[in-house]
Amino acid sequence: MTTRLAHHDADVLVIGGGLAGCWAAITAAQGGARVIVAEKGRCGTSGVAAAAGPGHWWVPPEAGRREDAIARRMAAAQGLGDAPWMARIIDRTFRTLPGIASHYRYVPDDEGRIRHHALRGPEYLRALREKALAAGAIVLDHSPALELLRHADGSIAGARGVSRQGAGGDWVVRAGATILATGGCGFRSHLLGGANNTGDGLLMAVEAGAVLSGMEFSAFFTVVPAGTTMARTMIYSFARYYDGQGRLLDRPQGPHDTAFLAEALARGPVFCDLSATPEDVRRQLPQISPNVTLTFRRLGIDPFQDRFPVSLVGEGTIRGVGGVRVADADAGAGVEGLFVVGDVASREPVTGAISGGGAVNAAWALSSGCIAAEAALARVRRQGRRADTPAEGTGGAGLAQTRGTADAAEIERMVQAEMLSPMKQYFRTEATLSAARDRLDSGWSALPHAGLAGTPHARARRRELAALTATARWSTASALARHDSLGLHRRADAIAAATLPAHIIAGGVETIWTEIVPAGEQA
């Protein structure tokens, strides 16, 4: 049977249509570029931001305020932050975000103020889609990319993927510049909005020659009402927790430290009390995060009156830190013609070793998208599209007709058992990490590969499984390489704290490698 093939040419290809991808598409299209967005789901509804109430790191340019905000963030970054990058995303976010008002209806708060930095996720992402289309961008929905294309000189020439709409088939986009905006990897934890975040962009980037950084900072777990995946953390900053006997649990300082809950949950049920939530937050919650209140209503819980059982859901690199190492001030990936934005990029420049939560991560997604788009457009104007120059695919895992025939579901369960276990991830040791590495390597060797056979959906799922497994291997190798505890990375067998700030760089596909690079130096 002949597979239908659709060819497209673009100045800029954006792979991923979430928060970062949309801002990149808008910026490039408004600059006059022919832009194509290839989104695995539906642009405007796909991704974690669409199901949330995204805030943004928002600091007005009043005397000293930005300097103070950066100083506080640098102190929390534990030696891995970059103050110039922080200043850029603060400034870019402040200047750019209000422009969404052309397609988004801001609603005044209780005091009549417009809060430009706090948006309702579903409406925000719909507005971004509409703004991108109005600027002239072309959107390919339900069209996951499978691999990047590369010229003979190593520069990126676009990508190839499949369409899951209509009759399906393959697509090829030849582009003068390619922006990866595929998001992080949640290891299919069922995190709300994270179904498509399977690490695809990480695998594509490494296959093309990029390297990763900060993958050890992948141990992030969010508290949720038990039996749900409603991982929205803001409301839990006011929480008190109790064990099954009603005893109050000691809670460490810091909004994102849930390791104490992992220990308590290993002993039995844990219950949450949100009665200390201020009245103004209670009133605003339905507007800020409507999914949170909807979940409680469906459960028959009044979260401000009732104690309710909680559990933990893993967010991997989504609200973790690691990703493709940003090689320059243009959000380049260190591979000519390839740029990385949002959660697929390492956010170490703006978060350091700790999570960027929602606000810093959203500002990073917006700003890195805009910065990369401007650099991509400038590159196309210098180099042209080169659409007629021969190019070949860079992908291998899950695509080549080689190797294993193992059950895909079994491999996925094995990856999740390692990466979504709070106890394994929060209390890492040399022994547990080495055992995880060996299991993941065995799973990698057994990946079921069937080449180009099968439906578009089946082919995309095989590629997702390869990306999930690869991301787990990079995260585990990076955790083994960092012997001290730092930020989101906890080593239960750490002997001493780190003496000098350093990044853990990782790469390789068949054979994983890591390198320790002092902060401020390039790999």
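The structure presented is a predicted model; accordingly, all values stated were derived computationally and were not measured.
- Note: W57 and W364 fail the aromatic proximity criterion, with ring centroids not under 6.0 Å apart.
- Formation of a donor-acceptor pair under 3.5 Å by the S155 side chain with backbone atoms of G337 is not found in this model.
- Each of R459, R463, R160 was evaluated against E147; a single residue qualifies, R160, per the salt bridge (charged side-chain N to carboxylate O under 4.0 Å, His left out) test.
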* Quick one: do S213 and E348 satisfy side-chain hydrogen bond (donor to acceptor under 3.5 Å, both in side chains)? Show the steps, please. => CA-CA 8 Å; S213 183; E348 288 169 300; 2.4 Å; yes
* Assess whether side chain to side chain contact (heavy atoms under 4.5 Å, CB included) is satisfied between R42 and H142, documenting all intermediate values. => CA-CA 6 Å; R42 184 182 188 276; H142 303 288; 4.0 Å; yes
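- Remark: the backbone N or O of A38 is not paired with any side-chain donor or acceptor of S143 at under 3.5 angstrom.
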* To do: Run the numbers on D153 and R386 for side chain to side chain contact (heavy atoms under 4.5 Å, CB included), then give the verdict.
  => CA-CA 12 Å; D153 62 7; R386 299 179 63 190; 3.1 Å; yes
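- Distance alone, capped at 3.5 Å, is enough to place a donor-acceptor pair between the R482 side chain and the A502 backbone.
- Considering only heavy atoms from C-beta on, I89 stays 4.5 Å or farther from S368 through its side chain.
- A donor-acceptor pair is defined here as one N or O able to donate and one able to accept, closer than 3.5 Å; such a pair exists between the side chain of T429 and the backbone of T432.
- Side chain of E315 to main chain of L191: no donor-acceptor pair is present (N/O by atom type, distance under 3.5 Å, no hydrogens or angles).
- Side-chain atoms of M215 and I504, non-hydrogen and from C-beta on, never get closer than 4.5 Å to each other.
- Residues R73 and T351 have side chains in contact (heavy-atom distance under 4.5 Å, counting atoms from C-beta outward).
- Pairing each heavy atom of I354 with each of L488, the nearest pair is CA-CG, 4.2 Å.
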* To do: Evaluate the side-chain hydrogen bond (donor to acceptor under 3.5 Å, both in side chains) criterion for residues S46 and N196: first the C-alpha distance (whole Å), next the side-chain angles of each, then the deciding distance (0.1 Å), finally the verdict.
  => CA-CA 8 Å; S46 184; N196 286 338; 3.1 Å; yes
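- Ion pairing between R413 and E410 fails under the 4.0 Å rule for side-chain N and carboxylate O.
- The minimum heavy-atom distance between A470 and W444, with the atom names listed, is CB-CZ3, 3.7 Å.
- A salt bridge links E464 and K40; the closest N-O separation between the charged side-chain nitrogens and carboxylate oxygens is under 4.0 Å.
- I138 has its side chain within reach of R34: a pair of non-hydrogen atoms, C-beta onward, lies under 4.5 Å apart.
- Looking at heavy atoms from C-beta onward, V224 lies out of side-chain contact with T229 at the 4.5 angstrom threshold.
- With hydrogens and angles disregarded, no donor-acceptor distance shorter than 3.5 Å links the side chain of T27 to the backbone of A373.
- Salt bridge absent: R379 and D330 never bring a charged side-chain N and a carboxylate O closer than 4.0 Å.
- Put simply, the side chain of H503 never gets that close to the backbone of E515: no donor and acceptor are under 3.5 Å apart.
- For the pair W474 and V206, the minimum side-chain heavy-atom distance is below 4.5 Å.
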* Are T514 and S478 close enough, and set up right, to give a side-chain hydrogen bond (donor to acceptor under 3.5 Å, both in side chains), and what steps lead you there? -> CA-CA 6 Å; T514 60; S478 298; over 6 Å; no
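- Using a 4.5 Å cut-off on side-chain heavy atoms (C-beta onward), L486 and L80 make contact.
- Within the structure, side-chain hydrogen bond (donor to acceptor under 3.5 Å, both in side chains) pairs that include any residue of residues 7-22 comprise D11-R385 (at least two apart or interchain).
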